[in-house]
J.: 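What follows is a single structure, and I will ask about it in a moment.
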Amino acid sequence: MRLAAWPALLALLAAFPSAYAQPSDIELLNSDYAFIDAEGMTNVVGVVNNKGVEPISVVMALDLSDGTTLLEEPYAKVMFPDRGAPFKFRVPAGLQADGKPYVASVERVDQPLYDELVFNYSNMAVGEERALSGTVTNAGQFPFYNVTVFASVHDDQMVQIDSSRSAAIPVLEPGQTAEFSMVPDDSIKEETMYYSCAGYDPNAPIPTIPAGDGKYIGYNMQTISKVSSLRYDNATDSLLFGIKPYIPSGGSLSLKFAQAQQNQTIAVFMDDQLRDDAVVTMDGRTVSLEVFIPPGDHQVQVQGIRAIPEFPFAALGLAAMTAAAIAAARLRAALKIP
């Protein structure tokens with residue numbers, strides 16, 4: 001419903017070109033442990049880590065004894081730098097794995113990490129179910145959808161014996177806290193001691209941010225960076241956020257939002273300094289800006305997001321004209337000019 005109010009935004013939400021990441025950026029940790037579940041299927045597990053400097057999506061593969069190949073995504077659709085995700089293959093009864101799991105494909109994803117979810121949990125398995133449970137809080141100003149939490153399951157010898165994830169949390173509104181839990185497969189429940197590398201996988205947030213009075217601003221952001229504390233400030237008509245590029249040499253930020261008026265003025269500040277190198281273009285429907293983000297943590301302010309009503313300008317102009325007329329009248333009187 002919110003996006004329906006932004007027909008111009010729907011036209012600009014096009015995918016950016018992607019490039020394939022290097023295989024050397026991937027660390028694959030295959031477990032030597034496998035188990036047969038209650039359905040007679042052999043479960044093969046492991047973890048894939050992103051050691052590169054760009055977000056990626058990965059497809060895993062496992063060859064089978066009948067010449068076919070199983071394909072599975074890790075439990076995270078997008079893996080950000082220095083993060084990973086477990087995976088699990090379930091081999092049909094009567095078949096065997098022919099070798100170890102391997103990476104079938106890896107692709108770069110130009111998607112920012114919105115660092116707004118706060119987790120609270122203990123890694124130790126608890127209760128008869130040997131579960132991992134905790135809470136997650138949305139510290140941001142926009143909702144997250146279909147958040148799942150995942151982790152690797154280990155025995156008392158630190159061996160990964162399963163990959164597990166929670167049920168999806170359908171929506172997590174700003175400020176909301178929700179509980180999550182996950183359990184290992186019943187066949188290895190008694191061996192479960194602890195969980196490691198817990199992570200989360202939400203759908204990409206719908207690109208709108210509240211602007212007060214029940215209104216929302218639509219935007220599209222493309223950057224290989226971690227983005228935090230994204231918000232709209234009504235007093236300065238600005239989009240504010242923290243940003244840290246993943247690439248050591250820095251990277252670009254592309255931001256698009258609906259153009260509100262013909263002569264809209266946009267200013268980009270970084271760490272309170274005006275960035276006059278920011279490239280801003282408008283086509284009558286969309287404002288597009290590109291700016292380079294240097295290495296490290298920065299605070300960005302983009303001013304001029306919404307249309308400023310013409311009345312204040314008219315009022316200021318009228319006030320200036322009135323003041324000028326009064327000053328001229330006083331000058332004429334002082335000089336005794338009729």
Side-chain angles (χ1 to χ4, degrees), residues 26-31 33-35 37 41 43-52 55-62 70-90 101 103-104 106-107 109 111 113-127 129-139 144-155 158-172 176-189 191-205 226:
I26 301 233
E27 178 186 52
L28 183 58
L29 303 175
N30 284 318
S31 176
Y33 187 93
F35 66 89
D37 60 27
M41 303 182 74
N43 287 239
V44 179
V45 299
V47 172
V48 58
N49 294 317
N50 180 5
K51 294 298 185 179
I56 56 175
S57 66
V58 173
V59 176
M60 299 296 301
L62 179 64
L70 293 178
L71 299 176
E72 288 287 347
E73 291 184 341
Y75 286 180
K77 292 183 290 293
V78 176
M79 290 188 297
F80 293 92
D82 294 324
R83 299 195 179 198
F87 60 83
K88 177 158 62 175
F89 288 93
R90 300 182 71 215
V103 176
V106 52
E107 187 174 0
V109 181
Q111 178 177 314
L113 168 63
Y114 292 101
D115 192 21
E116 305 287 6
L117 298 183
V118 180
F119 288 83
N120 183 18
Y121 63 91
S122 170
N123 291 87
M124 300 306 296
V126 297
E129 295 296 320
R130 309 304 294 161
L132 171 67
S133 59
T135 62
V136 54
T137 301
N138 182 0
F144 284 82
Y145 296 91
N146 298 316
V147 178
T148 59
V149 185
F150 52 76
S152 298
V153 183
H154 296 264
D155 63 12
M158 298 187 293
V159 175
Q160 183 188 0
I161 58 176
D162 198 6
S163 298
S164 185
R165 56 185 164 188
S166 70
I169 302 169
V171 60
L172 196 60
Q176 182 182 0
T177 297
E179 296 181 348
F180 67 85
S181 65
M182 66 188 78
V183 295
D185 189 88
D186 285 341
S187 62
I188 50 95
K189 181 170 58 177
E191 303 172 51
T192 298
M193 180 60 63
Y194 70 96
Y195 295 77
S196 72
C197 301
Y200 62 94
D201 182 44
N203 287 351
K226 181 169 69 174

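Predicted model only: the values in this text are computed from it and were never measured. If you read the sequence from its start, that first residue is 1, and numbering goes on from there.
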J.: Rounded to the nearest 0.5 Å, how far does CG of L172 lie from OH of Y145?
T.: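 Rounded to the nearest 0.5 Å, the OH-CG separation comes to 10.5 Å.
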J.: Check whether any side-chain heavy atom of F89 sits under 4.5 Å from a side-chain heavy atom of M60, and report yes or no.
T.: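 Of all side-chain heavy-atom pairs linking M60 with F89, at least one is under 4.5 Å.
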J.: Are the side chain of S31 and the backbone N or O of Y33 linked by a donor-acceptor pair below 3.5 Å?
T.: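 Confirmed, S31 side chain pairs with Y33 backbone.
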J.: Looking only at non-hydrogen atoms, find the nearest pair between F87 and L28 and report the distance.
T.: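 Smallest interatomic distance, heavy atoms only, reads CE2-CD1, 3.7 Å.
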J.: Verify whether one side chain among S187 and D185 offers a donor that lies under 3.5 Å from an acceptor in the other.
T.: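 Side-chain D/A pair, S187 to D185: present.
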J.: May I ask you to decide if V183's main-chain N or O and S164's side chain share a donor-acceptor pair within less than 3.5 Å?
T.: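 Between the backbone of V183 and the side chain of S164 there is a qualifying donor-acceptor contact (under 3.5 Å).
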J.: Does some side-chain heavy atom of L132 sit less than 4.5 Å from a side-chain heavy atom of Y121?
T.: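 Side-chain contact under 4.5 Å: yes.
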J.: Drop me the distance from E27's CD to K51's NZ, to the nearest 0.5 angstrom.
T.: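 Reported value, rounded in 0.5 Å steps: 4.5 Å.
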J.: Within the supplied structure, the quantity of interest is the number of heavy atoms (other residues, nucleotides, ligands) at a distance under 6.0 Å from E179 CD; does it exceed 12?
T.: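 No.
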J.: State, to 0.1 Å, how close Y195 and H154 come at their nearest heavy-atom pair, and which atoms those are.
T.: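 Smallest heavy-atom distance, with atoms named: C-CD2, 4.5 Å.
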J.: Between D155 (side chain only) and E191 (backbone N and O only), is there a donor and an acceptor less than 3.5 Å apart?
T.: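 Pair absent, no side-chain N/O of D155 close to backbone of E191.
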J.: Going by heavy atoms in the side chains, are M182 and V149 under 4.5 Å from each other?
T.: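 Result yes, sub-4.5 Å side-chain heavy-atom pair found.
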J.: Can you tell me if CG on D82 sees more than 12 non-hydrogen neighbours from other groups inside 6.0 Å?
T.: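 Atom CG in D82 is not packed in, count stays at 12 or less.
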J.: Supply the atom-to-atom distance Q160 CD to N30 CG, rounded to the nearest 0.5 angstrom.
T.: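 The CG atom of N30 is 9.0 Å from CD of Q160, to the nearest 0.5 Å.
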J.: Return the NZ to CD distance between K226 and E116, rounded to the nearest 0.5 Å.
T.: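 Going from NZ on K226 over to CD on E116, the span is 10.5 Å.
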J.: Is there side-chain contact between D201 and F150, with at least one heavy-atom pair below 4.5 Å?
T.: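 Yes, at least one pair of side-chain atoms sits under 4.5 Å.
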J.: Taking the side chain from N138 and the backbone from L117, do they hold a donor-acceptor pair closer than 3.5 Å?
T.: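 No, N138 side chain to L117 backbone: no donor-acceptor pair under 3.5 Å.
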J.: What pair of heavy atoms forms the shortest contact from N49 to A85, and how long is it?
T.: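 For N49 and A85, the tightest heavy-atom pair comes out as OD1-N, 4.5 Å.
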J.: Looking at M124 and M193, what are the two nearest heavy atoms and their distance?
T.: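 In terms of heavy atoms, the two residues are closest at CE-O, 3.6 Å.
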J.: Looking at P170 and A168, what are the two nearest heavy atoms and their distance?
T.: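 Shortest heavy-atom separation between P170 and A168 comes out as CD-O, 3.4 Å.
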J.: If we only count heavy atoms from C-beta on, is the F35 to D162 side-chain gap below 4.5 Å?
T.: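 A side-chain contact exists here, since the closest heavy-atom pair is under 4.5 Å.
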J.: Is N43 close to I188 at the side-chain level, that is, under 4.5 Å between some pair of heavy atoms?
T.: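 Not touching, per the 4.5 Å side-chain cut-off.
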J.: Looking at V48 and M79, what are the two nearest heavy atoms and their distance?
T.: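 It is O-SD, 3.5 Å.
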J.: Whether the side chain of S163 engages the backbone of K88 through a donor-acceptor N/O pair (distance < 3.5 Å, no angle test) should be reported.
T.: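 Looks like no, no N/O pair under 3.5 Å.
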J.: With rounding to the nearest 0.5 Å, note down the distance linking OG1 in T192 to CD in E129.
T.: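 Answer rounded to 0.5 Å: 10.5 Å.
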J.: Are F180 and Y200 close enough that some pair of their side-chain heavy atoms sits under 4.5 Å apart?
T.: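 F180 vs Y200: side chains apart.
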J.: Given side chains that start at C-beta, do those of V44 and P101 come closer than 4.5 Å, heavy atoms only?
T.: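 Sidechains of P101 and V44: in contact.
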